Each structure stands twice: as structure tokens, then as C-alpha cells.
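Beneath this line is the structure, given in C-alpha cells, with notes to follow.
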Amino acid sequence: MPRVYRSAERAGENITHAIVDDGILDAILCHTGRQAAGVLAGLTARGVAVPDRTMLAAASDSEHTRHSRPAISVVELNAPATRALVAARWVRRSSTRS
């Protein structure tokens, strides 16, 4: 089951304690590379093996993700294209229900 945690960009390491205390996840997606680097530091400090136990990814590329060891995966999000696709599907779905 997905869980959502909110934290400041620089607070990735701090939020990791709550994540681990609630139960170690299979994967974590962070908003920024800096946040992911903090989560990586927190997971490592708590003895969680990345990526063997938990996969870690960021929604934006950065120096943090490119140079981290172990690696932090990156999922590039194209917000304008995603919004357009969602809107088009919503309009199509709405028009078939009326």
C-alpha cells in the first residue's frame, strides 16, 4: 500500500526515520535529488540496503542522483505532457458518460 510522507527538501534524512519506523518499503520516490540523497543517508544509517532491500528514486535529475553510491534512480516527469494527457482522458471519459 502506498504511503505519502511530506518533508522539506533538505529534510530527507530526518523523514527516513518515520519511514523505517512505519515499516521498510520496497521503493521510495522522492521529489528531488537532494531529498533522495538525504533519504539514502537515512536508510544507510538505519541499516537498510539500497537497492537490495529498498529501491530509491527521484522525480528530477541532479548532481545528487548522478554521483550517489549506491545509485539513485531518476524518473523524469514531463508535467505539461502529463497534464494534457490526463485532461484529454478526463474529457473523453466525461463525454462517454453523458
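Here the structure is a predicted model, which is why all the values come from computation and not from measurement.
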List the residues meeting side chain to side chain donor-acceptor pair (under 3.5 Å) with [X], not counting sequence neighbours, and say none if there are none.
{"X": "Arg3", "answer": "Tyr5"}
{"X": "Thr54", "answer": "none"}
{"X": "Asn14", "answer": "none"}

Task: Nearest non-hydrogen partners of Ala58 and Thr65, listed with the distance - done: CB-CG2, 3.8 Å
Task: Smallest separation among heavy atoms of Thr16 and Gly38, with atom names - done: OG1-O, 4.1 Å
Which pairs of donor and acceptor atoms, one on a side chain in residues 68-75, lie under 3.5 Å apart (sequence neighbours left out)?
{"from": "Ser68", "atom 1": "OG", "to": "Pro70", "atom 2": "O", "distance (Å)": "3.0"}
{"from": "Ser68", "atom 1": "OG", "to": "Ile72", "atom 2": "N", "distance (Å)": "3.1"}

Run the side-chain donor-acceptor check on residues 26-33: report pairs under 3.5 Å with partners two or more places apart or on a different chain.
{"from": "Asp26", "atom 1": "OD1", "to": "Arg53", "atom 2": "NH1", "distance (Å)": "3.2"}
{"from": "Thr32", "atom 1": "OG1", "to": "Glu9", "atom 2": "OE2", "distance (Å)": "3.1"}
{"from": "Thr32", "atom 1": "OG1", "to": "Gln35", "atom 2": "N", "distance (Å)": "3.0"}

Open item on the list: So for atom CZ, which belongs to Arg66, do other residues, nucleotides or ligands contribute more than 12 heavy atoms lying within a distance under 6.0 Å?
Closed with: yes
Open item on the list: I'd like to check the salt bridge (Lys or Arg N to Asp or Glu O under 4.0 Å) partners of Asp21; sequence neighbours left out, ordered by chain and number.
Closed with: Arg46
Task: Nearest-0.5 Å distance that lies between atom CG in Leu43 and atom CD1 in Ile19 - done: 7.0 Å
Task: Non-neighbouring partners of Asp52 that pass side-chain contact (heavy atoms from CB on, under 4.5 Å), sequence neighbours left out - done: Ala49
Task: Nonpolar side-chain network containing Trp90, other nodes, edges under 4.5 Å - done: Val91
Task: Remaining members of the apolar cluster that contains Met55, side-chain heavy atoms under 4.5 Å - done: none
